[in-house]
2 protein chains.
Amino acid sequence: MRRDIFQAIADPTRRAIITLIALQSMTPNAIADNFHTTRQSVSKHLRILTECQLVKQEQQGREIYYSLEIKKMKEIDKWLEQLRKIWETRYNQLDKVLLTMKKQKK
Amino acid sequence: MRRDIFQAIADPTRRAIITLIALQSMTPNAIADNFHTTRQSVSKHLRILTECQLVKQEQQGREIYYSLEIKKMKEIDKWLEQLRKIWETRYNQLDKVLLTMKKQKK
DNA sequence: TATATATGCAACCTTTCGGTTTCGCAAACT
DNA sequence: AGTTTGCGAAACCGAAAGGTTGCATATATA
């Protein structure tokens, strides 16, 4: 089992679940009502999301409320940040080139 | 074939390829040298990355240079942005609650 | 022209994925 | 106590993923 964030958000249903419970915590049944799939299928997705700590549970009687673990979502940001730095540097280099060309024109 | 960005970045090798060619464009052989896998395997990954337009090719004689399509990477950002809004709102609501509590204390 | 190199593509195989069905368990009704 | 409801877990299945091997093609080199 790989079970990392990137594999977790690869599935469109799981991404939809994430945006759904980002607003408020929900039970598996309530979540399943929003999709054309069974509760068991949603339960499986929630298991995967829980395994990589993207989601946390809160038991209330026989119901279990699932909510988003925002901190974990930011790990995706971290990976993008590393790339952002690279492409910003690239743009800066392009700026330098343009600046040099401008100077030469003068 | 699903072939969307999220599925593309789900694979760790593909993520490594992305960070690799983010710095400079590279040929499949050069990319493969960085991993414990065959050139054909890398070629397959590049095909997937090309299909979802995360990567662009530039033929130079018999060599093909692959480079990152930065614009497309930002689509991941877009999805995160939508979530960012939600959780920022949530924090603001928490701020309001705290503010109300403070006022009541007075 | 013959050979080496760079590459993509198709066939094949094993593993994983996502869904459904069935089951068991615990909490809440009646 | 008996029944309904909410849930997870296991077994099963077809499809897709990721890797390897072998082959075809085009460009460079001898």
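Letters A, B, ... are given to chains in the order of the sequence lines, protein chains preceding strands, and every chain is numbered from 1.
Between A:Ser41 and C:dG18 there is no side-chain N or O to OP1 or OP2 distance below 4.0 Å. Under 4.0 angstrom from either OP1 or OP2 of D:dT20 there lies at least one side-chain N or O belonging to B:Thr37. Side-chain nitrogen and oxygen atoms of B:Arg47 include at least one within less than 4.0 Å of the OP1 or OP2 phosphate oxygen of C:dC9.
For B:Thr38, the side-chain atoms get nearest to D:dT20 when compared with the rest of D:dG18, D:dT20, D:dA17. If you check D:dT20, C:dT7, C:dG18 against the side chain of A:Arg14, the one that comes closest is C:dG18. Looking at the side chain of A:Thr27, the nearest of the listed nucleotides D:dG18, D:dC7, C:dG19 is D:dC7. Side-chain atoms of B:Glu63 lie closest to C:dT7 of the nucleotides C:dT7, D:dG6, C:dT20. If you check C:dG19, D:dG18, D:dA9 against the side chain of A:His45, the one that comes closest is C:dG19. Of the candidate nucleotides C:dT22, D:dC7, C:dT5, D:dC7 has the atom lying nearest to any side-chain atom of A:Pro28. Here the nucleotide nearest the side chain of A:Arg39, chosen from C:dG18, D:dA17, D:dG8, is D:dG8.
Considering every non-hydrogen atom in both B:Leu68 and B:Leu54, the closest pair reads CD1-O, 3.4 Å.
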Begin with the C-alpha distance, continue with both residues' side-chain angles, and end with the deciding distance and a verdict on salt bridge (charged side-chain N to carboxylate O under 4.0 Å, His left out) for B:Glu75 and B:Lys72.
-> CA-CA 6 Å; B:Glu75 280 191 19; B:Lys72 201 72 181 179; 3.2 Å; yes
Between B:Asp33 and B:Arg39, does a salt bridge (charged side-chain N to carboxylate O under 4.0 Å, His left out) hold up when you go through it step by step?
-> CA-CA 8 Å; B:Asp33 284 343; B:Arg39 178 191 56 79; over 6 Å; no
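In the hydrophobic clustering of ILVMFWY residues, with side-chain heavy atoms under 4.5 Å counting as a link, B:Ile48 and B:Ile76 come out apart.
Remark: the B:Lys44 side chain and the C:dG8 base include no donor-acceptor N/O pair separated by less than 3.5 Å. Side chain A:Arg62 to base C:dA27: a donor-acceptor pair is found below 3.5 Å. Residue-to-nucleotide contacts include a donor-acceptor pair under 3.5 Å from the side chain of B:Gln40 to the base of D:dG22.
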